Structures are given as C-alpha cells and as structure tokens.
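Nothing here was measured: the structure is a model prediction, and the numbers come from that model. Position 1 is the first residue of the sequence; numbering continues from there.
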Amino acid sequence: LNLLALSDQDLSATYREILAATSPPALQIAVMNLLDDGTTAENVPAILCAHWSELGPTAKQMAGDILLYTQYYQKDLLAAFENGTISLGEMNMHLERRRELLFSEDPEIKSRAEALFDDSRILQRAEAIEAMMPMVDLQGIAKAGESVYTRLCSQCHQIGNAGHEVGPDLSGSFHKSKQALLHDIVDPNSGCETSYLSYVVRTTDGDTYSGIVSNDDSDGVTLILQGGAEKHIRRSSISEMKTSGISFMPEGLEASMSHQDMADLVAFLQAVD
C-alpha cells in the first residue's frame, strides 16, 4: 500500500476492496492512514461512508476523525448524519467534537450542525427522557435499585465483582447526577465509543453472532456476547461483518421500569464507588 501510494494513480478502487469487512484490521487502518493524507484517492468521504458499517472499531474511529477534522469533508459528514448513513451516537459527539462544527466559520456548516445538536448535549429520545423525568424528584432506595440492576443491567455491565464485563464498568457512576444517569440509561445511542458498538458477524456456515468486538486481528474477530461469553470467528469464515451504528445497550429499557424503579436504580449507581 505504501508503495502504491507513491504513484500518481487513483487508488479508490483498491481502498474500497480493502475496506470490506473480511479484510484484516491492520490493512483497514493502513488505508485510513493513507486516506488521511488526502492525496491517493478521489472523493474520500464517499469511500468512507460507503464502507462505514463494515469498518472495525479502530478503523471506524479513524474514519470519523478524518471526516470531522478535515474541514472540506465536514459538509459530507453532516450529509451522512442527515441521511442516516452515520449516526450521531457512534461518532461519540462529545462537547469538543460538537464544537468543531458548531463553531465553524462556514455559516452553512454552523447552521446545519445547530439543527442536529447544541452546545449542551445530543438528545435522540427527548420524549422518553421527559416521560421519565419525574423520577428526579423521588427518593431512590439503593437496596431496591440493586434488584433492578441485577434484572436489567448485570448481563452486560459490571460493578465490582457483580455482573458481566461486556459494556463499560459502572463503578464510577457515583459522581454523576440523577439527570446524567437518566440520560445515559434512556438514550444510550446519543453518544457511544466505537469500542462499545454492536457488531453482527455472519459466517460462511450461515451462523450469525452479535456482540462487542474485543479483539480484531488478521486471524479473526472475537465478540463478547450478552452475558459475557466470548466467540472467536476465524477471518476465513466471515462472510459479512457490519455494525448498525448503535450501542450494544438497547433502547427502551425504561419501558419495564416505573419512575420509582428508575429512582432506585440511579440511587444504587450513585452509591457504588
């Protein structure tokens, strides 16, 4: 790849082939490094968006940075947000990243960004959060919240030695406010690091597995499934590997909780350090 990049030829077709899901991640990352130079392919945003769902976690993070921090790609990134090719959540648009667009000197970029998010946060399930907001005024009972945690959260989250380490460890939740924890629980896709995106892998034998990628190398991919079990799939057996762009944590967990249940769960999370 590095040798080919020394030539004047357009390598777009080669890059598109390599960015397919069956390619080793080291090759995908090498392509990202070359695309970041912006000199070896035409229409870089089109290439990245076309293969977005097939990129592994590291390559996806790099692709997002290329689109966000290269000023003349930002309109393409906004178009991808607007048409749903890339979800806001999987880009992990924290404050610094949002401001890259909100504070743009280009009025079109600024106004289109303002239509998607503001300087406070991204809300994708505003109505669901508003419906659950009365829990903020309730007194939560941590002991009761532990039962809610065991029932709904422990299959994918760990606190101390309890639960399964699939998603992020929740032991540091004690410093968050009620409102922040409510937002995290009800709207998990408003911001998600690429390492916690849900991937679906289909094999040449017709099997399908869904989980978080814990290891991705030339030999194959290892998924952490719900409940903490691991599944290693050899790269030669992969027929398709894609992410939907959403967190492995499902939306709608609040549907099985009362306001008091949510208040209890939040109290439990705030009590653990």
*Rounded to the nearest 0.5 Å, what's the gap from CD1 on I129 to NE2 on H183? Could you check?*
4.5 Å

_Quiz question: by atom type and distance under 3.5 Å, do the side chains of S104 and D106 form a donor-acceptor pair?_
no

_Contact between V213 and M241 at the side-chain level, heavy atoms closer than 4.5 Å - yes or no?_
yes

_Any non-hydrogen side-chain atom of M32 less than 4.5 Å from a side-chain atom of L48?_
yes

*Give a yes or no on whether E114 atom CD has more than 12 heavy-atom contacts from other residues, nucleotides or ligands under 6.0 Å away.*
yes

*Could you state whether L138 and I141 fall into the same hydrophobic cluster, counting links through intermediate Ile, Leu, Val, Met, Phe, Trp or Tyr residues with side-chain heavy atoms under 4.5 angstrom apart?*
no

*asked:* Is any side-chain heavy atom of Y209 closer than 4.5 Å to one of V200?
replied: no

*Euclidean distance, R98 CZ relative to L68 CG, rounded to 0.5 Å*: 12.0 Å

*To the nearest 0.5 Å, what is the distance between CZ (R97) and CZ (F117)?*
10.5 Å

*Applying the 4.5 Å side-chain criterion to the ILVMFWY set and letting contacts propagate, would V31 and L6 be lumped into a single cluster?*
no

*Sole candidate of T203, T204, D219 that passes side-chain hydrogen bond (donor to acceptor under 3.5 Å, both in side chains) when paired with R234*: D219

_Tell me if a side-chain donor or acceptor on K242 pairs with a main-chain N or O of E54 at a distance below 3.5 Å._
no

_Considering all heavy atoms, the nearest P45-Y73 contact_ = CG-CD2, 3.4 Å

*Measure the OG-CG distance between S111 and L116 for me, rounded to the nearest 0.5 Å.*
10.0 Å

_Spatial distance of atom CG (L101) from atom CD (Q71) [nearest 0.5 Å]_ = 10.0 Å

_Worked check of side-chain contact (heavy atoms from CB on, under 4.5 Å) between H51 and R16_ = CA-CA 7 Å; H51 293 278; R16 286 178 180 273; 3.5 Å; yes

_G56 backbone acceptor or donor facing Q28 side chain under 3.5 Å_ = yes

_Minimum heavy-atom distance L102-K110, with the two atoms named_ = O-CG, 3.2 Å

*Taking side chain to side chain donor-acceptor pair (under 3.5 Å) as the test, write out the residues that go with S258, two or more places apart.*
D261

*With the side chain counted from C-beta on, respond yes when L67 and Q74 share a heavy-atom pair under 4.5 Å apart, and no when they do not.*
no

*Shortest non-hydrogen contact between S218 and P25, atoms and distance*: N-CD, 4.2 Å

*Does the R235 side chain pair with the main chain of S23, one donor and one acceptor, at a distance under 3.5 Å?*
yes

*asked:* Apply side-chain contact (heavy atoms from CB on, under 4.5 Å) to residues V44 and Y15 and explain how you reach the verdict.
replied: CA-CA 10 Å; V44 171; Y15 292 164; over 6 Å; no

*asked:* Please find the pair of heavy atoms, one from K60 and one from L55, that lie closest to each other, and give the distance.
replied: CE-O, 3.8 Å

*asked:* Determine whether a donor-acceptor pair (N or O, by modelled atom type, separation under 3.5 Å) exists between the side chain of D264 and the backbone of A144.
replied: no

*asked:* To the nearest 0.5 Å, what is the distance between CG on N33 and CG on L1?
replied: 10.0 Å

*Going by heavy atoms in the side chains, are M62 and I29 under 4.5 Å from each other?*
yes

*Please test L181 against Q270 for side-chain contact (heavy atoms from CB on, under 4.5 Å), starting from the C-alpha separation and ending with a verdict.*
CA-CA 9 Å; L181 287 169; Q270 290 181 320; 3.6 Å; yes

*Considering only heavy atoms from C-beta outward, does the side chain of D217 approach that of P24 to under 4.5 Å?*
no

*Check whether any side-chain heavy atom of T14 lies under 4.5 Å from a side-chain heavy atom of E17, and answer yes or no.*
no

*Donor-acceptor contact below 3.5 Å, side chain S12 vs main chain E42*: yes

*Closest non-hydrogen atom pair, L225 against S210*: CD2-O, 3.3 Å

*Is there a donor-acceptor pair closer than 3.5 Å between any side-chain N or O of H259 and the backbone N or O of A131?*
yes

*Is there a donor-acceptor pair closer than 3.5 Å between any side-chain N or O of K75 and the backbone N or O of I109?*
no

*What is the ring orientation for Y149 with F268, classed by angle as parallel under 30°, tilted 30 to 60°, or perpendicular over 60°?*
tilted

*Any side-chain heavy-atom pair of L152 and M257 under 4.5 Å*: yes

*Give a yes or no on whether a salt bridge exists between E146 and K143, defined as a side-chain N under 4.0 angstrom from a carboxylate O.*
yes

*For S198 and T243, work out which heavy atoms get closest and say how close.*
O-OG1, 2.9 Å

_Whether the side chain of S177 engages the backbone of A180 through a donor-acceptor N/O pair (distance < 3.5 Å, no angle test) should be reported._
yes

*asked:* Within a 6.0 Å radius of atom CD on E82, are there more than 12 heavy atoms belonging to other residues, nucleotides or ligands?
replied: yes

*asked:* Check this for me: does any side-chain nitrogen of one of R202 and D207 sit under 4.0 Å from a carboxylate oxygen of the other?
replied: no

*When you look at N215 and V221, which way does the side-chain contact (heavy atoms from CB on, under 4.5 Å) test go after all the steps?*
CA-CA 6 Å; N215 188 57; V221 61; over 6 Å; no

